[in-house]
Amino acid sequence: MSGDHSHNDSQIDSGSRINDTHKHKDKYKDKEHKHKDHKKDKEREKSKYGNSDHKDFSEKKHREKEKERVKHKDGSTDRHKDKHKDKDKRKEENIKPKKEKENGFASPPRIKCEPDNDDFYHSPKSLKRERDDDEAEVKPKKIKTENDRVDKKGKKRKPGDEDIKPKKTQKNKKGDVTEGKKKAKKEPEEKWKWWEEERYTDGSKWRFLEHKGPVMAAPYEPLPSNVRFSYDGKSMKLSLGAEEVATFFAKMLDHEYTTKEIFQKNFFNDWRKEMTSEERAKITDLKKCNFNEMAEYFKAQSEARKAMTKEDKLKIKAENERLLQEYGFCIMDNHKERIANFRIEPPGLFRGRGDHPKMGMLKRRIRPEDIIINCSKDSKHPKPPPGTKWKEVRHDNKVTWLVSWTENIQGSIKYIMLNPSSRIKGEKDWQKYETARNLKKCVERLRHQYREDWKSKEMKIRQRAVALYFIDKLALRAGNEKEEGESADTVGCCSLRVEHINLHAEKDGQEFVVEFDFLGKDSIRYYNKVPVEKRVFKNLQLFMENKQPEDDLFDRLNTSILNKHLQELMDGLTAKVFRTYNASITLQQQLKELTNPDENLPAKILSYNRANRAVAILCNHQRAAPKTFEKSMQNLQAKIDAKKDQLAEAKRDLKGAKADLKVRRDEKSKKALESKKKAVERVEEQLMKLEVQATDREENKQIALGTSKLNYLDPRISVAWCKKWGIPIEKIYNKTQREKFAWAIDMADEDFEF
DNA sequence: TAATGAACTTAGAAGTTCATTA
DNA sequence: TAATGAACTTCTAAGTTCATTA
């Protein structure tokens, strides 16, 4: 993938969250950055020169090839290239694309005869859930932990849906539970297949909801008196409130955060607010504060925790489990469901990402009086801790959250919601992929449209069209406007500024190259050089005319305009659907391309990871290279070397055995030969496995696969692939992932097509 | 129509657990 | 059996989108 989307040198840089264009803003930051950059450079050098010797050349070649496959020299992906090529040709020949009719852009053909249920599966907008309303009016006495309702309703997914097959659900004994929790806890009862049931059509999210409320943060435990804080060389006893905030800082002392000026400033500011007036009068300079004893104390504590006896550790584990059982589940519409985050966020210092102007501010302790509870009127309401009250108890079944509170840093609302394995999250997830599949049906029409719009007389439309092209081709995020000074300066497509792109009429032998360099979500750098079509290039020049670097590139556009437009083109279409669509379609294509039927299991899994990786690169999902990367790589290489020696030896043995047989020609030496042969094969396979592992790890150094796997890739593609090649699903998804994607694992068969 | 608020998804880092190896 | 490192889980920040309000 050449210079574009990926790990060329400049891309490696991109792991650093530094935006060069912002250097001038803050001297301090600048220093920080340089330091970081320097470290990165060093690392890069190391990996370039130090660490590569273990890799043989052909492997590297292979990786390069892989990159090539994913992206072309010109930065376009295969899919785009081909499709655009097709389009161009068609245009020239003035022929209507064959596909158009087949896909029925305006309104996709029905696959099934019953319109109602057809819609149910294919048009997320009209997803239905015709539950018996009476069922939920009353507080359920019985919590279904199984799929018994399916039978009752007798109505499930329609056969005839191309990719979704009805499962025979064998009726199971009801998981009758009076108290809900207890029973469900023990039997690993059959999983509820919510995907075989219908959805609510009235916008409500549930009929019945009962839970125990959140787990509050543990109260502050004062420091023992021998652990002291000192100011200006003199130890001093802090008031409880001030001490608590001081411990937050002390706990972070060896984190880079505490070296940053803004962090220090914000912390000190907020800390002083918690001090008594005497303390405030005395403590006026952070530099004079000594937190070391505190920091040591916490370090010792964490050591002690590690060194605890097995027994004590088990005790803690049991207590956690108890909490989980008590607070970690709720009852929603007859089913016991896992809650994702049932703990209230503890107080601490705010850790923003990138250059966040509010880093270091005090995240205050949340009290019951701050908390809104959401549950059914007729449920057993959660009790606030003794002597306290909730802010409010409401019964809003149009939302999915159980608990909410307003956080003090940005003033935004935080929620407690259900686990990804829950019905309510799963349905939404499934629906997301169905929308993306709908986009697949009309994406060619949309691409044609925005290409036409590049020529529009209206600036607004041109901008919209160019932005959409970027979102489609590069999988950029929509890019909402942000309030300045409230968070790190990051952008997405619509909020790109002139300073974020560079135009090159010619670069590295390519025409019309756009060079992107900006900080995206989480202040992750996006760096990419992309050849674009001439018309796009010319438009960009136009958009940039008479503008300052800090001006908006698309000054006539924002996400709301863009999304309104998209909504008109396809029901349910928004900018982010393109990311989902392009990610999933890329996975599917890459899997097709990379999977070699003759290869063994580890090789196939490597192919899967490579396909996954292609998507992660497309979506710019990066991670900091693990601190231990070099070392672990070396260790692995040592293992490989040892294995090679072992193989050589095994081969020698084999040779010897052959010679033996020639001389002796007896049964015994024949047998010996066989076993030596087997030994060689075994070692060869082991070696291969190790080598594959090394390749995989190396290629993954700075790329995070998890995000795309969890959020962008239609799990049915992976499930189908596993089924097709006989790969155990466990090789691809761990337990949590299997729970989240249970619906896909159950419904997709090997010929599922995204 | 822009600003604000609310709800929900997506994100990487940090923390914890588990498996492997010396 | 401890140390190590990878895998997995948790945490919560940072996005997108849609609804509401001014």
Side-chain angles (χ1 to χ4, degrees), chain A residues 15 17 203 205 252 255-257 302 305-307 310 313 316-317 320 324 328 340-346 348 350-354 356 358-359 363 372 374 396 398-401 404 406-407 409-420 424-425 428-429 432 477-483 486-488 490-495 519-524 558-564 566-567 572-577 579-580 583 616 619-624 626-629 631-633 635-636 638-639 693 697 700 702-712 733-737:
Chain A
R17 311 183 146 191
K205 304 291 167 63
M252 291 178 74
H255 198 289
E256 205 191 337
Y257 270 119
S302 109
R305 222 171 306 129
K306 268 186 231 156
K310 226 179 211 165
K313 279 185 184 165
I316 292 179
K317 208 174 167 185
N320 280 334
L324 172 69
N341 53 326
F342 55 89
R343 288 168 206 271
I344 295 290
E345 294 175 16
F350 177 74
R351 301 151 93 117
R353 313 247 171 136
H356 197 117
K358 297 191 171 182
M359 64 167 75
K363 240 177 80 158
I372 303 175
N374 193 29
D396 181 357
K398 299 279 191 261
V399 297
T400 66
W401 54 268
S404 78
T406 302
E407 150 269 354
I409 304 289
Q410 331 257 7
S412 62
I413 307 172
K414 299 267 191 165
Y415 302 94
I416 289 181
M417 293 182 185
L418 296 194
N419 196 62
I424 215 162
K425 293 289 182 190
K428 202 74 190 297
D429 208 37
K432 171 180 79 185
R477 296 188 183 83
N480 288 304
E481 296 109 296
K482 301 169 77 183
E483 213 178 317
E486 289 297 297
S487 57
T490 62
V491 297
C493 187
C494 294
S495 50
L519 297 186
K521 182 176 179 179
D522 289 322
S523 292
I524 295 289
N558 60 40
T559 52
S560 131
I561 295 171
L562 179 65
N563 279 337
K564 218 167 268 164
L566 292 175
Q567 193 58 240
L573 186 62
T574 61
K576 89 187 185 85
V577 179
R579 244 166 109 80
T580 311
C619 295
N620 200 38
H621 291 143
Q622 301 188 30
R623 62 166 185 177
K627 287 183 197 85
T628 51
F629 185 84
K631 203 172 153 206
S632 82
M633 218 58 214
N635 289 349
L636 190 54
K639 265 196 215 167
Q693 201 186 343
R697 194 182 297 173
N700 239 12
Q702 292 174 290
I703 298 172
L705 298 187
T707 306
S708 49
K709 202 183 224 181
L710 236 46
N711 301 301
Y712 289 102
Y733 291 139
N734 68 30
K735 184 164 156 278
T736 317
Q737 293 164 339

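Every chain is numbered from 1, with letters handed out A, B, ... down the list of sequences. All values below were derived from every heavy atom in this structure, side-chain atoms included, with hydrogens, water molecules and symmetry-related copies excluded.
At least one side-chain heavy atom of Lys432(A) sits less than 4.5 Å from a side-chain heavy atom of Asp429(A).
The phosphate of dA14(C) has OP1 or OP2 within less than 4.0 Å of a side-chain N or O from His356(A). Taking 4.0 angstrom as the limit, Lys414(A) places a side-chain polar atom (N or O) nearer than this to OP1 or OP2 of dA13(C). Between Lys735(A) and the phosphate of dT9(C), there is no side-chain N or O to OP1/OP2 separation shorter than 4.0 Å. The shortest distance between the side-chain N/O atoms of Asn711(A) and the OP1/OP2 oxygens of dT9(B) is not below 4.0 Å. Between Ser412(A) and the phosphate of dA6(B), there is no side-chain N or O to OP1/OP2 separation shorter than 4.0 Å. Between Lys482(A) and dG15(C) there is a side-chain polar atom (N or O) within less than 4.0 angstrom of OP1 or OP2. Between Thr736(A) and dC8(C), a side-chain N or O to OP1/OP2 separation shorter than 4.0 Å is absent. Residue Arg477(A) places none of its side-chain N or O atoms closer than 4.0 Å to OP1 or OP2 of dT9(B). OP1 or OP2 of dC8(B) lies within a sub-4.0 Å distance of a side-chain N or O belonging to Lys205(A). Residue Asn341(A) has no polar side-chain atom (N or O) positioned under 4.0 Å from OP1 or OP2 of dC11(C). Contact annotation: Arg579(A) does not reach the phosphate of dT17(C) (side-chain N/O to OP1 or OP2, under 4.0 Å). The shortest distance between the side-chain N/O atoms of Lys521(A) and the OP1/OP2 oxygens of dA13(C) is not below 4.0 Å. Contact annotation: Lys425(A) side-chain N/O to dT9(B) OP1/OP2 distance is under 4.0 Å. Side-chain N/O atoms of Thr707(A) include one lying less than 4.0 angstrom from OP1 or OP2 on dG12(B).
Checking side-chain atoms of Arg579(A) against main-chain N and O of Ala478(A) turns up no donor-acceptor pair under 3.5 Å. Distance alone, capped at 3.5 Å, places no donor-acceptor pair between the Gln622(A) side chain and the Ala704(A) backbone. For the pair Lys482(A) (side chain) and Ser495(A) (backbone), a donor-acceptor distance under 3.5 Å is absent. In this structure a side-chain-to-backbone donor-acceptor pair under 3.5 Å is missing from Lys313(A) to Arg305(A).
When heavy atoms are screened at a 4.0 angstrom cut-off, Pro420(A) is found touching no nucleic acid atom at all. When heavy atoms are screened at a 4.0 angstrom cut-off, Ala488(A) is found touching no nucleic acid atom at all. Residue-level contact check: Gln410(A) touches the backbone only, with heavy atoms under 4.0 Å from sugar-phosphate atoms and none from bases. Backbone-only contact: Asn563(A) has heavy atoms under 4.0 Å from sugar-phosphate atoms and none from a base. Residue contacts for Gly520(A): at a heavy-atom cut-off of 4.0 Å it reaches the sugar-phosphate backbone alone, with no base atom in range. Residue Asn734(A) is classed as a sugar-phosphate contact, given heavy-atom separations below 4.0 Å to backbone atoms only. Within the 4.0 angstrom heavy-atom criterion, only backbone atoms of the sugar-phosphate kind lie near Lys363(A); the bases stay farther away. Across all strands, Arg305(A) comes closer than 4.0 Å to no nucleic acid atom at all (heavy-atom distances). Across all strands shown, Thr490(A) has heavy atoms under 4.0 Å from sugar-phosphate atoms exclusively, and none from any base.
Separating the OH atom of Tyr415(A) from the P atom of dT9(B) is a distance of 12 Å, rounded to the nearest angstrom. Distance, Asp396(A) CG to dT20(C) P: 11 Å, rounded to whole Å. Counting to the nearest Å, the C1' atom of dC18(C) and the CD1 atom of Ile561(A) are 16 Å from each other. Atoms CD (Glu483(A)) and P (dA2(B)) sit 16 Å apart, rounded to a whole Å. Leu710(A) has its CG atom 11 Å from the C1' atom of dT9(B), to the nearest Å. The distance from atom CE of Met359(A) to atom C1' of dA14(C) is 14 Å, rounded to the nearest whole Å. Between the CG atom of Asn419(A) and the C1' atom of dT12(C) there is a distance of 16 Å, rounded to whole Å. Rounded to an integer number of Å, the gap from Leu519(A) CG to dA13(C) C1' is 16 Å.
Toward the 5′ end of DNA chain B lies the nearest nucleotide of Lys428(A), the other residue of the pair Lys428(A) and Ala704(A) mapping further downstream. Residues Ala478(A) and Phe350(A) each lie close to DNA chain C; by heavy-atom proximity, the contact nearer the 5' end of the strand is made by Phe350(A). Sequence order on DNA chain C of the closest nucleotides to Ala340(A) and Gly479(A) puts Ala340(A) first from the 5' end. Nearest-nucleotide positions on DNA chain B for Val399(A) and Lys564(A) put Lys564(A) closer to the 5' end.
Using the Watson-Crick or G-U wobble rule with both distances under 3.5 Å, dA2(B) pairs with dT21(C). Across all strands shown, dC8(C) forms a Watson-Crick or G-U wobble pair, both distances under 3.5 Å, with dG15(B).
Of the candidate nucleotides dG12(B), dG15(C), dC8(B), dG12(B) has the atom lying nearest to any side-chain atom of His621(A). Among dT12(C), dC18(C), dT10(B), the nucleotide with an atom closest to any side-chain atom of Gln567(A) is dC18(C). Taking every side-chain heavy atom of Ala575(A) into account, dT17(C) is the closest of dA14(B), dT17(C), dG12(B). The side chain of Arg353(A) has dA13(B) as its nearest neighbour among dC18(C), dA13(B), dT9(B). Counting only heavy atoms from C-beta on, Ile413(A) has its side chain closest to dA6(B) among dC8(B), dG12(B), dA6(B).
Each of Thr707(A), Leu705(A), Ile703(A) was compared with His621(A) under the side-chain contact (heavy atoms from CB on, under 4.5 Å) criterion, and only Thr707(A) meets it.
Taking each heavy atom of Tyr257(A) and Gly352(A) in turn, the nearest pair found is OH-O, 2.5 Å. When every heavy atom of Thr574(A) is checked against every heavy atom of Leu566(A), the shortest pair comes out as C-CD1, 3.6 Å. The minimum heavy-atom distance between Asn341(A) and Ile416(A), with the atom names listed, is O-CG1, 3.1 Å.
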